[in-house]
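One structure is given below, encoded as C-alpha cells.
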Amino acid sequence: MGPGIVILFSLFGVLNGQGGKQMSIEECCKDGRDRGIDNQDCTALPLISESTTCRIVQEQCCATVLEDSICTNGINMAKDQGGCDTQFPGSTCETKTTRMCCDCCLLGRAAQEKGLPCDHSLSLGYQCGLVSRACCDDGAPDVKTITLVPDKDNEALTGKDDPLLNECSNAKCAQECVGNGTCACFKGYKLKPDGKNCEDINECLLGASNCRGGERCINTLGSFRCQREVSCGTGYELTDSNNCKDIDECESGTHNCAPDFMCQNTQGSFRCRPKNQCGDGYIQDALGSCIDINECLAQTGPCHPGQSCMNTVGSFTCQRNSVNCGRGYHLNDNGNRCVDIDECKGPDGECAGHGCINLVGSFRCECKIGFIFNSISRVCEDINECRHYPGRLCAHKCENAVGSYKCSCTQGFKLASDGRNCDDLNECESSPCSQECANVYGSYQCYCRRGYQLSDRDGINCEDIDECALPTGGHICSYRCHNTPGSFHCNCPATGYTLAPNGRSCQDVDECVTGTHTCSETESCFNVQGGFRCLSFECPPNYRRAGENRCERLLCNQTSECLALPLRITYYHLTFPTNIPVPTNVFRMGPSNTVPGDHVQIAIVGGNKGDFFGMQRVPSGGEMAVTRPITAPQDFELSLEMRLLRYGTTSTYLAKVLVFVVQEQPILPYNAIPE
C-alpha cells in the first residue's frame, strides 16, 4: 500500500534489530534463505541486525528462494502441459513470475525442436535467458558438453609438465583449460556462451536432484542440498544423511539432573533417577532425600488393642495403656475399662423440669422454647431474644419476657397481625393534599403534577411553574421558550431547523436527505448547520478521477514540471459553528503506513485567509487546528501539502479541505420577538 492521507489516524510501527552483535553477510543471507524456504513474507522479515546492508541481503536472499520456487512451478507447467495461456488468472507478482518462466521454458524447448542453438543472442533478460537455455539443454537428445574435471575439490592442473601450458595461459579460462585453448567447468557448472566463464547449474530447476519425498531441494553454487520440510522436534537432531537421531542428553551433558540424581536417556528426552535408595521405614521425596515414615498414622494401627503407638526414626514402638477414666465415665465392674455415666437417671435428673439427653461421657438438657442450655453451669437459662437477635425479631421495638418476647411499634404505625411487623397508617386516604399525596413510611408527603410546585406557605397547595422564567430557563429550549399553565413549549427558527422529538432542541434539517436542496445533477449536496452547500470538483489536467473525492496523477514523461506535481489530490469537507474554542484540532494528515527513516513535512500552502488555521507536527504526520477565534460565518478552501521523503525519494500529496463555518445556533431571551 502506497502512502496516503488519513483523517484522525494514529499508527506507530517499531522495528528493532539485535544491537551489539556483528552479523556477517553470509549469516544474513542464510537467515533470509531459511525464511524464504518457510514461505515467509520477504518484505516484513524480523531484523537480526541493525545494519541496513544486512537487511537488504536478508530480503534479497529470501526473495531469490521464493522466485526460484515460483519459477520452478512455471517450468514444470511448461514441461507437463506444453502451454501457459489459460493457467494464470490475476496479475500478482507471483503470477507474472510463474508466467514468465513458463513462457521462457517454452521458448527454449521450441528452439531445441527447431534445431536452433540454445545459447541464442536474444535480449530476453538474465533470468529468462537462464530458463530458456536450461529447458533447451534439458530437452536436447544429445547435449554437447565439454568434459569437466571430476570434482571441484580435486587439485587443479598446474601445467608444470603440460605441453599445452602456453595455450591454456592465453585462453584465460575461469575454471579449467583442457587444451587447444578450450575452457571447461567444474562439476555443477556449465560454460557460458563466451567460452571462458562458467555459470552455476540449478539442479532444482532442472529436476536433476535426488531429494526424497518430504524434502525440499535448495540450490547451491555448483551443487544442491536436500532439506527436510518438517523439523525433527525437541530431543532430536538432523544427521548428515537428513535423518532424525535421538539426542543423548546424558552423554552430551545437556540434562538438568541434580548432583544426587543420575541421568537416564530416553527417546527424545531423559529421566533423572535418585542415586541413593532408602531403607525400611523411610520414603524418598522428589529431591532424593529419605524421610521417616510415621507408622502410627497408618490406617490400620500397627499395635495390638490396649497399646499405644510411639513413632521413632525409621521405626515405631508399642506401649501398654493405663486405665484412667475422665469426667462422665467410671470403671466397669471388672475394673479394666471405662463406661459412660447416665446422668439422666433418677427422679429429678439434672435438667430441673427440662428434657434430659444422655451423651457419651456427658449429657445435654433439651430446654424449652425461650431457654438455652449453659454447658458450664449445666442449667437451662432464659434467652434474651431482643439482645441476641437485634433487629431480626421485631420491625420496630422489642421487649424481653421470661421464655419469650413481645413487639411494639413507634408513632405512625400499628402492630401487624403476626405480632412482629408494623403496618404503616395511610394518611392519604383522607386526601390532605390539593393535587397528589404520597404515603411514606410513618407519614405522608404532598407533591404536585408536572409543571407545578408545592407552595412554600402550607406545603399542601400547588402553584404553576414558569419554566421559561427560571434561572436555567434559557437552557430549557435551544431557541425560544413559551410558558403555559403547568407546562411550556419550544420554537425553532423558521428555516433550516425543526423541533427535535424531545420537544426542546432544534435539530438541523438535512436538505440533502429530504431532497429540499436546489443542487443540480452535476453537483453534490453537503449539509451544514441550518442550510446546505452544492459542491462539485473536477480533476486538474494530467490527473484522473479515482473515487468520489480523489484525483491521481497520470504517468509522467519524466519532465520536471510533471514530477513536481502531487501524486494525489484528495478533497475533504468540514463544517463547524462559529466561536469554537481555540486551539481545536479539526483535521489530521499523514502517511497511511510508516517506515523507519521517513521524513514528513506538512504545511498549509493556500486558502488560509486571516491566518485562522495553523499546522503542528505529530508523530504520525501533522494536525490542522483553529488558532484564532472565528466569530462570523465564512467559507475557507484550504490547501494542505504533505512532502514524504522515503528511501531517498520525495513524494508530494495535496489535500483540498473545504471548511464551512456556520453561525452557532442562536438562543433568544424569554419573550423576545424574533425578526
Does a sphere of radius 6.0 Å around [atom1] in [X] hold more than 12 heavy atoms from other residues, nucleotides or ligands, not counting ones at 6.0 Å or beyond?
X	atom1	result
Ile372	CD1	no
Asp458	CG	yes
Asp456	CG	no

Cys pair [X], [Y]: SG separation below 2.5 Å:
X	Y	result
Cys437	Cys446	no
Cys477	Cys468	no
Cys61	Cys29	yes
Cys217	Cys226	no
Cys422	Cys409	yes

Side chains of residues 355-369: which donor-acceptor pairs under 3.5 Å do they make with residues two or more places apart or in other chains?
residue : atom : partner : partner atom : Å
Asn358  : ND2  : Asp340  : OD2          : 2.9
Ser362  : OG   : Arg378  : NH1          : 3.4
Ser362  : OG   : Arg378  : NH2          : 3.4
Arg364  : NH1  : Glu366  : OE1          : 3.1

- Verify side-chain contact (heavy atoms from CB on, under 4.5 Å) between Leu454 and Gln445, making sure each step is shown before the conclusion. CA-CA 11 Å; Leu454 201 62; Gln445 178 66 48; 4.1 Å; yes
Output yes when a side-chain donor or acceptor of [X] lies under 3.5 Å from a complementary backbone atom of [Y], and no otherwise.
X	Y	value
Ser315	Thr312	no
Asp34	Ile37	no
Ser51	Thr53	yes
Asp292	Gly314	yes
Asp598	Val595	yes
Arg225	Ile218	no
Asp342	Cys344	yes
Thr484	Phe488	yes
Glu27	Ser24	yes
Arg617	Val600	yes

- Which of Cys257, Cys250, Cys272 passes disulfide bond (SG atoms under 2.5 Å apart) with Cys263? It is Cys250
- Task: For His388, enumerate each residue passing the ring-ring contact (aromatic ring centres under 6.0 Å, His included) test, keeping only those at least two apart in sequence or located in another chain.
- Result: none
- How far apart are the C-alpha atoms of Glu463 and Arg457, what are their side-chain angles, what is the distance that settles it, and do they pass the side-chain contact (heavy atoms from CB on, under 4.5 Å) test? CA-CA 11 Å; Glu463 300 173 348; Arg457 296 189 299 273; 3.3 Å; yes
- Message: Run Cys398 and Cys407 through disulfide bond (SG atoms under 2.5 Å apart) and show every step you take.
- Response: CA-CA 5 Å; Cys398 177; Cys407 298; 5.4 Å; no
How far does [atom1] of [X] sit from [atom2] of [Y], to the nearest 0.5 angstrom?
X	Y	atom1	atom2	value
Ile247	Thr234	CD1	OG1	9.0 Å
Ile283	Ile291	CD1	CD1	7.5 Å
Asp508	Tyr497	CG	OH	6.0 Å
Gln453	Ile465	CD	CD1	4.5 Å
Gln529	Cys506	CD	SG	10.0 Å
Tyr479	Cys492	OH	SG	9.0 Å

- Applied to residues 236-274, the ring pair (Phe, Tyr, Trp, His ring centres under 6.0 Å) test, sequence neighbours excluded, yields none
- Query: With sequence neighbours left out, which residue pairs that include part of residues 395-445 fulfil the ring pair (Phe, Tyr, Trp, His ring centres under 6.0 Å) condition?
  - Reply: His396-Phe413, Phe413-Tyr441
For residues [X] and [Y], determine if any side-chain heavy atom of one lies less than 4.5 Å from a side-chain heavy atom of the other.
X	Y	result
Arg504	Cys490	yes
Leu574	Phe587	yes
Ile25	Cys54	no
His354	Phe371	yes
Val586	Phe576	yes
Cys62	Leu45	yes
Asp464	Asn483	yes
Gln616	Asn585	yes

- Task: Quick one: which residue pairs count as a salt bridge (Lys or Arg N to Asp or Glu O under 4.0 Å) with a foot in residues 388-407, not counting sequence neighbours?
- Result: Glu399-Lys406
- Kindly indicate, with the supporting measurements, whether the criterion side chain to side chain donor-acceptor pair (under 3.5 Å) is fulfilled by Gln267 and Asp246. CA-CA 6 Å; Gln267 285 293 322; Asp246 172 58; 4.5 Å; no
- Item | Steps toward disulfide bond (SG atoms under 2.5 Å apart) verdict (Cys309, Cys296) | CA-CA 6 Å; Cys309 176; Cys296 298; 1.9 Å; yes
Let me check something: any side-chain donor-acceptor pairs from residues 425-436 under 3.5 Å, sequence neighbours excluded? List them with distances.
residue : atom : partner : partner atom : Å
Asn426  : OD1  : Cys428  : N            : 3.1
Ser430  : OG   : Glu427  : O            : 2.8
Ser434  : OG   : Ile460  : O            : 3.0
Ser434  : OG   : Cys462  : N            : 3.3
Gln435  : OE1  : Arg449  : N            : 2.8
Glu436  : OE2  : Arg449  : NE           : 3.3

- Is any NZ, NE, NH1 or NH2 atom of the basic residue among Arg450 and Glu467 found under 4.0 Å from an Asp or Glu carboxylate oxygen of the other? no
- Query: Any Lys/Arg nitrogen of Lys30 or Glu26 sitting under 4.0 Å from an Asp/Glu carboxylate oxygen of the other?
  - Reply: no
- Check against side-chain contact (heavy atoms from CB on, under 4.5 Å), Arg420 and Cys394: CA-CA 5 Å; Arg420 298 177 60 183; Cys394 299; 5.5 Å; no
- Query: Would Leu415 and Ser408 count as a side-chain contact (heavy atoms from CB on, under 4.5 Å) if you check the C-alpha gap in whole Å, the side-chain angles of each, and the deciding distance to 0.1 Å?
  - Reply: CA-CA 7 Å; Leu415 196 64; Ser408 60; over 6 Å; no
- Message: Checking side-chain hydrogen bond (donor to acceptor under 3.5 Å, both in side chains) between Gln264 and each of Arg271, Glu249, Arg273, which is the one that passes?
- Response: Arg273
